[in-house]
Amino acid sequence: MAFTSWRGVVGCIKPTLRPGGLEELIRMLPEGIGVLPLFLNINKGTTDEFKRAVAPYEPLLAQLADAGCDLIHPEGAPPFMLLGYKGEAELLKKWERKHKIPMFTSGSNHVRALRALKAKKIVGATYFTGKINDVFAKYFDEAGFDVLGMEGLDVAFGDVGQLSSHQVYAFVKQAFLKHRKADAIYLLGSGWRVLDVIDALEQDLGVPVVHPIPARCWEIQLRLTIRQPVKGYGRLLAEMIEG
């Protein structure tokens, strides 16, 4: 194995060709963890497109397994959440049995992170509108959380990365203030470019925030038996909370 991957290699399947999330993850990960990314091309962000998206992961999983990855992370919350919490878990088990490599999805990662933070009542923020937010809420309800709200920001799927972090801060704060009994905030989607306001949200609102990229870094470390806190992106990763 190459020197730069002496702590392990994670294979990631990115659901879109959107830049940002991969770079942010690589900068955040401790030295010595290799990242092998492959890509799908989800670009419309519709429910129908997400429903068709699961099968295309299959050949990419096989490619990453053949490459000798220690861990595989098929990213993208919506395609798997549409299967339901139990349906997603069954698919993960099937893939792990087939390829004999541990795996986790975005959804399973977010559930693990929220449980590690001992969250019971959550409020979610997404960049989707309409009934698909009910699907996301149902997923977390099936996982055992009391979902007080799953608030959607009305923005075109391809324009999410153009939102300023301050715009998203204001939206998330407003969503939380509508559901003040929440003990955690959940941000769905890696398209937000908001890492610089996670600490501010936690400080101002007094509850932990689960954002996909810090949560991804956190679980990759746990799975590879690494514990290197990274400050600046929320309590979960700053404290490397046991999961």
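Residues: numbered from 1 along the sequence shown.
We find the CG-CG distance between Asn43 and Asn41 to be 5.0 Å, quoted to the nearest 0.5 Å. Note that CD1 of Ile213 is 10.5 Å distant from CG of Leu29, once rounded to the nearest 0.5 Å. A distance of 9.0 Å separates CG in Leu236 from CD in Glu239, rounded to the nearest 0.5 Å. Interatomic distance, Asp141 CG to Ile122 CD1, rounded to the nearest 0.5 Å: 9.5 Å. Distance check: Lys138 NZ to Asn133 CG gives 15.0 Å after rounding to the nearest 0.5 Å. Note: Asn109 CG to Trp218 CH2 = 7.0 Å, rounded to the nearest 0.5 Å.
What you find for Leu187 and His211 is that their closest heavy atoms are CD1-CD2, 3.8 Å. Considering all non-hydrogen atoms of both residues, Leu25 and Cys12 come closest at CD2-SG, 4.3 Å. Minimum heavy-atom separation, Phe171 to Ala125: CE2-CB, 3.8 Å. When all heavy atoms of Phe157 and Thr16 are compared, the pair lying nearest together is CZ-CG2, 4.1 Å. Contact record, Gly20 with Glu23: N-OE1, 2.8 Å, taken as the closest heavy-atom pair. Taking each heavy atom of Gly234 and Asp199 in turn, the nearest pair found is N-OD1, 2.9 Å.
With hydrogens and angles ignored, the 3.5 Å screen pairs a side-chain donor or acceptor of Gln221 with a backbone N or O of Gln228. Side-chain atoms of Glu49 come within 3.5 Å of backbone N or O of Gly45 as a donor-acceptor pair. The closest donor-acceptor contact from the side chain of Glu202 to the backbone of Val209 lies under 3.5 Å. Counting only distance, with no hydrogens or angles, the side chain of Arg7 and the backbone of Ile226 share no donor-acceptor pair below 3.5 Å. Between the side chain of Glu142 and the main chain of Gly84, no donor-acceptor pair closer than 3.5 Å is present. Arg223 places no side-chain N or O within donor-acceptor distance of the main-chain N or O of Leu71, the cut-off being under 3.5 Å.
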Cys69 vs Ile72, test: side-chain contact (heavy atoms from CB on, under 4.5 Å). Steps then yes/no. CA-CA 7 Å; Cys69 291; Ile72 297 177; 4.2 Å; yes

Any chance you could lay out the side-chain contact (heavy atoms from CB on, under 4.5 Å) test for Ile33 and Ser5, step after step, and finish with the verdict? CA-CA 5 Å; Ile33 298 177; Ser5 304; over 6 Å; no

Give the intermediate values and the outcome of side-chain contact (heavy atoms from CB on, under 4.5 Å) for residues Asp146 and Lys120. CA-CA 6 Å; Asp146 184 0; Lys120 302 293 184 185; 5.9 Å; no

Determine whether His99 and Leu64 satisfy the following criterion, side-chain contact (heavy atoms from CB on, under 4.5 Å), listing intermediate values before the conclusion. CA-CA 10 Å; His99 297 291; Leu64 291 172; over 6 Å; no

Quick one: do Arg216 and Glu75 satisfy salt bridge (charged side-chain N to carboxylate O under 4.0 Å, His left out)? Show the steps, please. CA-CA 9 Å; Arg216 187 171 297 142; Glu75 298 180 27; 3.2 Å; yes

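Every pair passing ring-ring contact (aromatic ring centres under 6.0 Å, His included) that includes a residue from residues 12-58 is listed here, sequence neighbours excluded: Phe50-Phe128, Tyr57-Phe80. Listed by first and then second residue, the ring-ring contact (aromatic ring centres under 6.0 Å, His included) pairs that reach into residues 180-204 are His110-Tyr186, Tyr127-Trp192, Phe140-Tyr186, sequence neighbours excluded.
Between Leu153 and Thr129 the shortest side-chain heavy-atom distance does not fall below 4.5 Å. At least one side-chain heavy atom of Tyr85 sits under 4.5 Å from a side-chain heavy atom of Val111. Between Thr105 and Glu88, some side-chain heavy-atom pair lies under the 4.5 Å cut-off. Put simply, the side chain of Lys14 does not reach to within 4.5 Å of the side chain of Leu40, judged on heavy atoms. Side-chain contact between Ile198 and Pro214 is present, with at least one heavy-atom pair separated by less than 4.5 Å. Considering only heavy atoms from C-beta on, Asp183 stays 4.5 Å or farther from Lys118 through its side chain. In this structure the side chain of Leu22 reaches within 4.5 angstrom of the side chain of Val35, judged on heavy atoms. Proximity of Leu205 to Ile185: side-chain heavy atoms (C-beta onward) are separated by under 4.5 Å at one or more points.
Not a single side chain to side chain donor-acceptor pair (under 3.5 Å) links Arg18 to another residue, sequence neighbours left out. With sequence neighbours excluded, no residue satisfies side chain to side chain donor-acceptor pair (under 3.5 Å) with Glu90. Under the rule for a salt bridge (charged side-chain N to carboxylate O under 4.0 Å, His left out), Lys173 has no partner lying at least two apart in sequence or in another chain. For Asp204, the side chain to side chain donor-acceptor pair (under 3.5 Å) criterion is met by Tyr169, not counting sequence neighbours.
Side-chain contact, Trp95 with Glu58: a donor N or O sits under 3.5 Å from an acceptor N or O. Counted by atom type alone, His73 and Glu219 present zero donor-acceptor pairs between their side chains at under 3.5 Å.
Taking the charged nitrogens against the carboxylate oxygens, Glu151 and Lys178 do have a contact shorter than 4.0 Å, which makes a salt bridge. Residues Arg227 and Glu242 are paired through a salt bridge, judged by an N-O separation under 4.0 Å between the basic side chain and the carboxylate. In summary, Glu24 and Arg193 engage in a salt bridge, as defined by a charged side-chain N under 4.0 Å from a carboxylate O.
Residues Leu117 and Leu148 do not share a hydrophobic cluster, defined by chaining ILVMFWY side chains whose heavy atoms lie under 4.5 Å apart.
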